[in-house]
Amino acid sequence: MSIVGPKSKLSSINTVQVKNLSQSKGVLDNDIFFNVNVDSNQKYIICYALGHLYGLSDTKGSEQEFPILYPSWQALSWSRNQSIKSKSLTYKIKRIIDELSKLSKVATNFIHACDYDQEGEVIGYNILQYACKNKYSVSKRAKFSSLTDEEIRNSFSNLLPPNHNLKDAGLSRHLIDYIYGINLSRALTNSVKRKSNEKNTKKFITLSIGRVQGPTLAFVVEREKEILDHISTPYWNILAVFQKNDRTLKAYYFPQKIESKDLALSIVAECKNQLGKVTDVLTNKTAIKQPYPFNIGDLQKEAYRVFKFSPNYTLSVAEKLYLDALISYPRTSSQKLPPSINYTKIISNISKMAGGLKQDPYVEKTENKNVLCYSVIVSNLLAQKSLIPNEGKQDDPAHPAIYPTGQKSKRVLDESESKLLDLIVRRFFATFGKEAFYQQVSVTIAIKDKYIFKSEEKKIISEGWIEFYRPYFDYSGYVTTDTLSFLKKDDILKIVNIESIEKTTQPPPRFNQSTLLQKMEREKIGTKATRSEIINTLFKRNYIYNFSTANDSKSNRYAPPLKKNTATWSEMKADKKPAIITPSESIQNVRLQNDPIRIKGSSGIRPTEMGIALVESMKKYVPNIVSTSLTRTMEEQLEQIESGKKPSSSVVDQAREQVREAVKSFSDNEDHIAEEISQSLQKDRRMESISNKSRTTVSLGACPVCQKGKLIVKKSTKTRKRFAGCTNYSSSNCTATAPLPSTGALRGLKKICNECKWPIVASTGTNQGKRYRWQFCINPQCPLKKTKK
DNA sequence: GCAAGGTC
């Protein structure tokens, strides 16, 4: 038998030729096992894994003392923390493990054919050890990197012994991440829990930190510090408007940035009412290369840019498209498209799938004639002499870049799915297109032979691939009609207007989800498949939040107190314990800072007070965990394990020792840490409640029970569902409540029910895609409702 | 239940 990695691999093994499955019917689960003939006299039963089937866990039953330094491998289907969402996955894992252990009893040989990398080695190792009962050392290893017939056949006829070093490196990675992550997360959570027990506040939160979470959060905190520390300094530009005959053009004084106002004003005065002379007109033609095919990171960045999809959302939508066989495997880092995927076939298939289908949203859109529909692009491409994609440097041992399969969808895709698929299809087309060109005109104008003004503009002169990618190409920075090329050298121009413009230096921009992801990629933390998830975790933990400035039309979301010179920030600089803020002071701060205009910098991700407090505490007590150096040194050591220069035990023991020390310094300073974090937590909560109050509450009408309060829409802290409750709940214990529909807009109608006097409410709903409105008495006990029955 | 890493 042999075990390959993900199920997606089987489709390529299929190309080796999957033999008739009937012979195994009734014996083997055909969903899981495949009978394969690799060469004439060898038969294999092939099975796929679903990523990891086993995971590290606090050893069952025996409660290990904290910190947990010796976790053990358990089947993932047994672990308790499976969310409802992944129940079917848990079930599948269980089935695969069961089937594998049954089959392993009668198998004669074992071949490990997962990805030939650390994680792949561990996946297969665990299956061979636990499901098949200690078969790793007797197993053989198939090593192939590209999934071609030839390579797979080759690897099966040249099987290798298992790579113990690779396996050890992989197991160590798991152990180190677990030991650091679980123990420090628990230490954090517990310290805050103890603190809140003291104060008798029952609210309980989960905190977490890890090798990737830590540095990622630190990136956001450091950037925020840079922004708030930024001192704006003024500088000046000089803008002149020149005229020749009836045409005008704008040009900036060069060098553009002028540090002193006096200098700027004197230049303006010198140039006023003078004539300008064109000293140079330069015309350049530059190519705009075709884009690379998408890997997952590039897709996430592009989908963020054009649709504002979060990276995590993009991955989830791409996954759906993949499971429906509309695109290839999305979790890839490759920017390459091997010819074996058959470009021509895919391209012509896309043309077939186009004909007015959902997949080609532009086919009949008359309002946007500039966007080409698939069939036009396809005939365009097929008419080309050759089809060669413009590939990027990045590669992936296991998968090619993301490409559309050209298959028709069997179901109606929702809006996001259609959008993402269209993006992938057009990107795929674009990589095969012709180079585009723009023309750049640069004009230099001199006044009194002394003052230089420059103007330049770019115009696309040959669209090439951009034609295919039109709805998504970023045209900003290009002009559609040029305003400069009419100029010739030695032309004399009149100055129509000249003025100095005051500007100020700007702090660096805040990260958004896309740029944070790029930062993680650059720093090489996390993996292609997990980065976006980790950003999501930081949001979930309330370490970071999206902040929009007043300039953004979108919601002015809750902005926690963060201002230079508040206790937290001065503390950050002085590296000492924060001063206690008196309630009145902090409320004032809150009000001031809740006004988004008061917060410096651009829209984007900001750390919450808790996120800042966490990074600051960790910097003091476990600096490793918020620095990329942990990943760096870990990777160096894993390499040494892999090359046999170091035993894994010494590396893992070192991690154990470090965590033991960290946990100790943590408990020695627990009071400080807990104090800082719970204070920050309270600040964040206060902010949230203030911003909740400032957010418009939806009033449904007067409370019929206490007659004094109003019924408003509230959100249950437990179920997160909304319900109607009385505003006097906290002040005079009015417990009037009523259930509300979970979706749709709600509005009080200022009408009351004739029968029970409860408010009548209007709501909107959708039924089979159609919107409708309805009105109802919200009292669940209304007599009218009973008589109807 | 907390990590990070696979994947349906």
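Sequence lines set the chain letters: A, B, ... in the order given, protein chains first and strands last, and positions in each chain run from 1.
The distance from atom NZ of K92(A) to atom P of dG6(B) is 20 Å, rounded to the nearest whole Å. As a whole-Å value, the separation of F66(A) CZ from dA3(B) P is 14 Å. Straight-line distance from the CD1 atom of I525(A) to the P atom of dA4(B): 9 Å, rounded to whole Å. In this structure, the NE2 atom of H52(A) is 7 Å from the P atom of dG6(B), given to the nearest Å. For the pair Q213(A) CD and dG1(B) P, the computed distance is 17 Å after rounding to whole Å. In this structure, L315(A) atom CG and dG5(B) atom P are separated by 14 Å, rounded to whole Å. Remark: P of dA3(B) and CG of L207(A) are 10 Å apart, rounded to the nearest angstrom. Atom CD in Q74(A) sits about 21 Å away from atom P in dG5(B), given to the nearest Å.
For the ring pair (Phe, Tyr, Trp, His ring centres under 6.0 Å) test, no residue two or more places apart in sequence or in another chain qualifies with F219(A).
The side chain of I182(A) has dC2(B) as its nearest neighbour among dG5(B), dT7(B), dC2(B). In this structure, of dG6(B), dA4(B), dC8(B), it is dG6(B) that holds the atom nearest to the side chain of L76(A). Closest to the I123(A) side chain, of the nucleotides dA4(B), dT7(B), dG6(B), is dG6(B). Comparing dC8(B), dA4(B), dT7(B) by their closest approach to the side chain of A529(A) singles out dT7(B). Set against dG5(B), dC8(B), dC2(B), the side chain of Y322(A) has dC8(B) as its closest nucleotide. Which of dG6(B), dC2(B), dC8(B) sits closest to the side chain of R186(A) comes down to dC2(B). The side chain of V212(A) sits closest to dG5(B) out of dG5(B), dA3(B), dT7(B).
A cation-pi arrangement is not found for R211(A) relative to Y180(A), the charged atom failing to lie both closer than 6.0 Å to the ring centre and inside a 45° cone about the ring normal.
Applying the 4.0 Å criterion to OP1 and OP2 of dT7(B), one finds that Y329(A) has a side-chain N or O inside that range. The side chain of R211(A) contributes no N or O atom lying less than 4.0 Å from OP1 or OP2 of dC2(B). For the pair T530(A) and dG5(B), the criterion of a side-chain N or O lying under 4.0 Å from OP1 or OP2 is met. Neither OP1 nor OP2 of dA3(B) sits under 4.0 Å from any side-chain N or O of S185(A).
With respect to E121(A) and R141(A), a salt bridge is recorded, a charged nitrogen being found less than 4.0 Å from a carboxylate O. The residues D98(A) and K102(A) are annotated as not salt-bridged, no charged nitrogen and carboxylate oxygen being separated by less than 4.0 angstrom.
At a cut-off of 3.5 Å, with distance as the only test, a side-chain donor of Q654(A) or Q637(A) sits close to an acceptor on the other residue. Side-chain contact annotation: T515(A) with N512(A), donor-acceptor N/O pair under 3.5 Å present.
Take the nearest nucleotide of DNA chain B for N190(A) and for E119(A): the residue whose nucleotide is more 5' is N190(A). Checking T189(A) against K528(A), the closest nucleotide of DNA chain B that is more toward the 5' end is the one next to T189(A).
Note on L53(A): nothing from the nucleic acid sits closer than 4.0 angstrom, heavy atoms only. Counting non-hydrogen atoms under 4.0 angstrom, G526(A) reaches the backbone sugars and phosphates but no base. When heavy atoms are screened at a 4.0 angstrom cut-off, Q118(A) is found touching no nucleic acid atom at all. The residue R531(A) sits apart from the nucleic acid: no heavy atom pair falls under 4.0 Å.
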